[in-house]
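Contents: one structure, followed by commentary.
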Amino acid sequence: MNLNLTGATRLNMIVGDPIAQVKAPEGMTKAFADIGHDGILVPVQVDPRDLGALLTVADSLKNLDGIIVTVPHKFACFAHCGSVSARAGFLGAVNIMRRRQDGGWHGDMVDGLGFVGAVRGKNCDPHGKRALLVGAGGAGSAIAMALVEAGVSQLAVHDADASRRDRLVARLKTLGRSDIMIGSSDPEGYDLVANATPAGMKAGDPLPVDVTKLAPTTFVGCVITAPAASPLIEAARRLGCPTSTGTDMYNALQSSMVDFLLAPEARA
């Protein structure tokens, strides 16, 4: 990647806490360069208590075009957007924002598209599958919606925060599609298990599901990008399960994020 940074280079940032695990700064900056766009993506670690102040400053930065949002800011950034996609509006969360012509922000939530894209990239079609989702936060909500739209026959949702889990289950039921229910950490009987929690990012984290109950035919996907293969993915692979990683998810999502940030209406 040959970068020629100048005062004219357009700025984008990815916000999160923590932030060291993200893969997007290199990937997105290279993707911009590959299509001849003079832009970069930089990582910004910000505590939830300071996010509002950062976004206020971001509003006034005239060379800041876009913001990618990671844990734990997806719900708070939704509230800062002046407009959002129908998908983000349904979920109440965003993971990407682009500058509107009036200076405000338009948001979307595309994590679910990346997860399902990674699963399909590993030759697993979610259609007709019984799926277990662990984690009902921003990414988990988006993955849940994407799995329902991909045609899973059943989706069970498990989260340590029962109220957050119940809100997501209730919201998904309004779609009137898959059989939606409350799940647990027991993956027995499921065809597809999705981990949308940070469990495994830190040494000593408990596994998000009871891996002793995994069947070798169960597909296991995880959102974690560091370590490259989370403890859950490593355990699933030892059992012979097909898997997808957080990096697979990011790779499936990168082109969609570039297209969103550089949409013609955003650059008019």
Side-chain angles (χ1 to χ4, degrees), residues 14-24 45 48 68-78 91-95 109-116 118-119 126 131-148 152 155-169 171-172 180-188 190 192-214 218-237 241 243-250 252-253:
I14 178 167
V15 296
D17 187 24
I19 199 68
Q21 77 282 0
V22 298
K23 306 300 182 186
Q45 183 168 356
I68 297 176
V69 187
T70 188
V71 65
H73 302 314
K74 296 175 183 182
F75 295 108
C77 283
F78 171 86
L91 295 168
V94 299
N95 78 319
M109 185 53 159
V110 294
D111 278 340
L113 304 182
F115 183 86
V116 169
V119 172
L132 170 64
L133 169 72
V134 183
S141 297
I143 291 169
M145 184 178 183
L147 287 172
V148 170
V152 295
L155 178 64
V157 179
H158 174 59
D159 194 286
D161 185 333
S163 62
R164 182 167 71 172
R165 174 203 65 198
D166 293 347
R167 287 194 300 270
L168 178 58
V169 167
R171 198 155 62 242
L172 292 171
I180 310 297
M181 62 185 63
I182 292 172
S184 71
S185 61
D186 183 350
E188 187 172 6
Y190 292 100
L192 191 159
V193 172
N195 174 47
T197 77
M201 288 178 59
K202 296 183 296 185
D205 280 349
L207 292 173
V209 298
D210 182 354
V211 295
T212 66
K213 301 289 187 67
L214 283 172
T218 301
F219 189 98
V220 179
C222 186
V223 302
I224 291 173
T225 56
S230 69
L232 172 63
I233 293 298
E234 289 185 338
R237 287 175 176 173
C241 299
T243 64
S244 65
T245 67
T247 299
D248 294 327
M249 176 177 163
Y250 170 75
L253 192 55

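All figures in this text were calculated on a predicted structure; none of them were measured in a lab.
When all heavy atoms are compared, the tightest approach of Thr247 to Thr225 is N-CG2, 3.8 Å. The heavy-atom pair separating Asp17 from Pro48 by the smallest distance is OD2-CD, 3.8 Å. Considering all non-hydrogen atoms of both residues, Arg171 and Ser141 come closest at NH2-OG, 3.9 Å. Taking each heavy atom of Thr218 and Tyr190 in turn, the nearest pair found is OG1-O, 3.0 Å. Of all heavy-atom pairs between Gly135 and Ala196, the closest is O-CB, 4.0 Å. Of all the heavy atoms in Phe78 and Val94, the pair that sits closest is N-CG2, 3.6 Å.
In this structure, the side-chain contact (heavy atoms from CB on, under 4.5 Å) partners of Ala136, at least two apart in sequence or on a different chain, are Val157, Asp159, Arg164, Leu168.
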Exercise. Apply the test side-chain contact (heavy atoms from CB on, under 4.5 Å) to residues Val134 and Asn195: give CA-CA distance (whole Å), side-chain angles for both, the deciding distance (0.1 Å), then the verdict.
Key: CA-CA 5 Å; Val134 183; Asn195 174 47; 4.3 Å; yes

Practice problem: Go through the steps for Lys74 and Leu91 under the test side-chain contact (heavy atoms from CB on, under 4.5 Å), then give the verdict. | Solution: CA-CA 10 Å; Lys74 296 175 183 182; Leu91 295 168; over 6 Å; no

Practice problem: Could you walk me through whether Leu214 and Val220 pass side-chain contact (heavy atoms from CB on, under 4.5 Å), step by step? | Solution: CA-CA 9 Å; Leu214 283 172; Val220 179; 4.1 Å; yes

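The closest donor-acceptor contact from the side chain of Thr245 to the backbone of Ala229 lies at 3.5 Å or more, if one exists at all. A donor-acceptor pair under 3.5 Å is formed between the side chain of Asn95 and the backbone N or O of Val110.
To the nearest 0.5 angstrom, Leu133 atom CG is 6.0 Å from Leu155 atom CG. In this structure, Leu132 CG and Lys213 NZ are separated by 12.0 Å, a value rounded to the nearest 0.5 Å. The line from CE of Met181 to CG of Leu172 is 12.0 Å long, rounded to the nearest 0.5 Å. We find the NZ-CD1 distance between Lys202 and Ile224 to be 11.0 Å, quoted to the nearest 0.5 Å. Expressed to the nearest 0.5 Å, how far CD1 of Ile14 lies from NE2 of His73 amounts to 10.5 Å. Going from atom CG of Asp166 over to atom CD1 of Ile182 covers 4.5 Å, rounded to the nearest 0.5 Å.
By the 4.5 Å heavy-atom criterion applied to side chains, Val71 and Pro198 are not counted as neighbours. Two residues are said to be in side-chain contact when any heavy atoms from C-beta on lie closer than 4.5 Å; Asp186 and Asp210 fail this criterion. Side-chain contact between Pro126 and Val119 is present, with heavy atoms from C-beta onward closer than 4.5 Å. For the pair Met249/Ser244, no side-chain contact is recorded, criterion being any heavy-atom separation below 4.5 Å from C-beta on. No side-chain heavy atom of Asp205 sits under 4.5 Å from any side-chain heavy atom of Pro231.
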